[in-house]
Amino acid sequence: MPYVVGLTGGIGSGKSTMGDLFLALGVPVIDADIIARQVVEKGSPLLAELSNHFGTDVLTEQGELNRAKLREIIFSHPDEKAWLNQLLHPAIRNEMLAQVERCLQPYVILMVPLLIENNLTHLCNRILVVDVLPETQIERAIKRDNHKAEIIRNIIASQVSREKRLSYADDIIDNNKPLEQSLEKIKMQINELHQIYLKKAEEKQCQN
Ligand code: ATP
């Protein structure tokens with residue numbers, strides 16, 4: 001089992017941006033968002049369970065998950081949200097672990113937006129937080145997703161506070177500055193973290 005570095009941060013904080021920089025160093029990056037889509041892909045047993053439970057309304061004409069419809073249902077029904085989470089969360093966690101175990105590299109990056117909210121920190125040997133101010137999150141997420149500020153604010157409010165997230169961090173990447181100014185410094189920090197994680201992974205290997 002490789003050493004696991006959990007990479008987390010709030011909406012629009014820059015997790016994918018940092019994940020890509022680790023990927024460029026040859027480090028495997030396991031993305032919880034991709035896995036969350038894979039477990040309910042067309043033809044999957046979980047998608048069949050969803051349509052049995054909620055009705056075929058949650059499927060598109062092509063037989064894929066109609067995410068907007070599902071979001072609409074669970075938004076107004078907290079019980080249904082709990083039912084959905086108890087179905088999806090174990091499947092996502094198991095698939096993340098399976099992908100981690102398949103990696104042959106000394107360490108992997110496990111990129112999980114809701115690592116703290118969903119109590120998944122125990123899957124990680126170390127936690128790396130990408131930190132930005134809420135104003136910056138809102139500004140970047142609006143630019144990327146074309147959402148209204150209010151929607152982004154609501155998502156931020158549904159996630160752990162910046163302070164709580166930082167309290168879990170072993171390492172922090174400050175992503176407040178525009179990349180034009182900070183990219184070289186961030187690449188240097190990621191190179192340093194890469195060396196630290198390789199060393200930690202080797203130490204873990206020796207203990208086993
Ligand atoms: P989410 O969890 O919402 O998917 P994320 O944490 O993965 O987001 P990214 O997608 O990496 O965040 O970044 C959000 C947006 O901000 C992207 O459009 C990205 O290109 C941009 N961005 C990231 N870091 C910076 C930066 N330092 N300066 C300017 N733009 C940035």
Side-chain angles (χ1 to χ4, degrees), residues 4-25 27-41 65 67-68 70-71 74-75 81 85 88-89 92-93 95-96 99-100 108-121 123-124 126-194 197:
V4 179
V5 178
L7 172 60
T8 194
I11 178 172
S13 56
K15 295 175 292 294
S16 304
T17 307
M18 303 310 153
D20 286 348
L21 294 174
F22 278 99
L23 206 57
L25 296 174
V27 181
V29 176
I30 296 171
D31 182 340
D33 279 346
I34 293 178
I35 293 177
R37 285 194 288 273
Q38 283 171 346
V39 296
V40 288
E41 67 193 4
L65 179 61
R67 287 171 194 282
L70 184 62
R71 258 198 308 274
I74 62 170
F75 184 71
K81 187 174 179 185
N85 285 346
L88 298 187
H89 285 186
I92 296 168
R93 193 186 55 232
E95 182 55 27
M96 285 196 301
Q99 293 195 13
V100 166
V108 301
I109 296 285
L110 189 58
M111 190 159 73
V112 189
L114 301 179
L115 187 76
I116 297 159
E117 292 82 346
N118 289 342
N119 297 317
L120 295 169
T121 54
L123 300 179
C124 308
R126 199 166 169 105
I127 294 175
L128 170 59
V129 169
V130 188
D131 180 50
V132 286
L133 291 163
E135 301 89 270
T136 315
Q137 279 179 279
I138 294 169
E139 191 186 298
R140 288 182 189 158
I142 288 177
K143 203 167 154 198
R144 186 193 54 186
D145 302 333
N146 232 344
H147 278 326
K148 292 206 173 79
E150 194 195 339
I151 294 178
I152 311 294
R153 271 197 208 100
N154 286 341
I155 295 174
I156 293 175
S158 74
Q159 300 183 338
V160 289
S161 67
R162 183 177 173 217
E163 290 70 27
K164 180 159 182 194
R165 189 179 294 107
L166 286 172
S167 75
Y168 281 82
D170 296 295
D171 307 299
I172 299 166
I173 296 176
D174 174 352
N175 191 30
N176 280 297
K177 290 214 176 92
L179 277 181
E180 304 93 82
Q181 291 171 27
S182 61
L183 187 60
E184 283 318 304
K185 210 171 148 208
I186 284 177
K187 278 186 179 171
M188 265 167 56
Q189 186 186 0
I190 286 184
N191 269 309
E192 283 164 16
L193 290 172
H194 181 56
Y197 299 156

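First listed ligand is number 1; within each ligand, the first listed atom is number 1.
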Practice task
Before signing off on this row, confirm whether L179 and ligand 1 have an N or O atom pair separated by under 3.5 Å.
Solution key: yes
Problem - G14, any N or O under 3.5 Å of ligand 1 N or O - result: yes
Practice task
Report the residues that fulfil side-chain hydrogen bond (donor to acceptor under 3.5 Å, both in side chains) with R162, sequence neighbours left out, ordered by chain and then residue number.
Solution key: D131
Exercise for the section: Could you establish whether E180 and ligand 1 come within less than 4.0 Å of each other, counting only heavy atoms on the residue side? Expected result: no
Handout entry: Expected output: side-chain S161 to main-chain K164 donor-acceptor under 3.5 Å
Key = yes
Problem - Nitrogen or oxygen atoms of S16 and ligand 1 under 3.5 Å apart - result: yes
Exercise for the section: Answer yes or no: are there more than 12 heavy-atom neighbours, outside E150 itself, under 6.0 Å from its atom CD? Expected result: no
Exercise for the section: Decide whether an N or O pair under 3.5 Å exists between T17 and ligand 1. Expected result: yes
Practice task
Check for a donor-acceptor pair, side chain of E139 on one end and backbone N or O of P134 on the other, with a separation under 3.5 Å.
Solution key: no
Practice task
Without swapping roles, check the side chain of N118 against the backbone of H89 for a donor-acceptor pair under 3.5 Å.
Solution key: no
Exercise for the section: Hey, could you give me the CG/CZ distance between L193 and R126, rounded to the nearest 0.5 Å? Expected result: 8.0 Å
Fill in the blank from the handout: The atoms of ligand 1 lying under 4.0 Å from a heavy atom of N175, numbered in the order shown, are 23 (C), 24 (N), 25 (C), 26 (C), 27 (N)
Completion exercise
Correct closest heavy-atom pair for I186 and N175 would be CD1-OD1, 3.7 Å
Practice task
Determine, using heavy atoms of P113 and all atoms of ligand 1, whether some pair is separated by less than 4.0 Å.
Solution key: no
Problem - For atom 10 (O) of ligand 1, the option (of K15, R144, Q159) bearing the nearest heavy atom - result: R144
Practice task
Assess G9 for proximity to ligand 1: is some non-hydrogen atom of it under 4.0 Å away?
Solution key: no
Exercise for the section: Have a look at ligand 1 and work out which part of K143, if any, has a heavy atom under 4.0 Å from it: side chain, backbone, both or neither. Expected result: neither
Exercise for the section: Output the list of atoms in ligand 1 that are nearer than 4.0 Å to some heavy atom of S13, sorted by atom number. Expected result: 6 (O), 12 (O)
Handout entry: Heavy atom of G10, distance to ligand 1 below 4.0 Å
Key = yes
Practice task
Examine ligand 1 and decide if any of its atoms is less than 4.0 Å from a heavy atom belonging to G12.
Solution key: yes
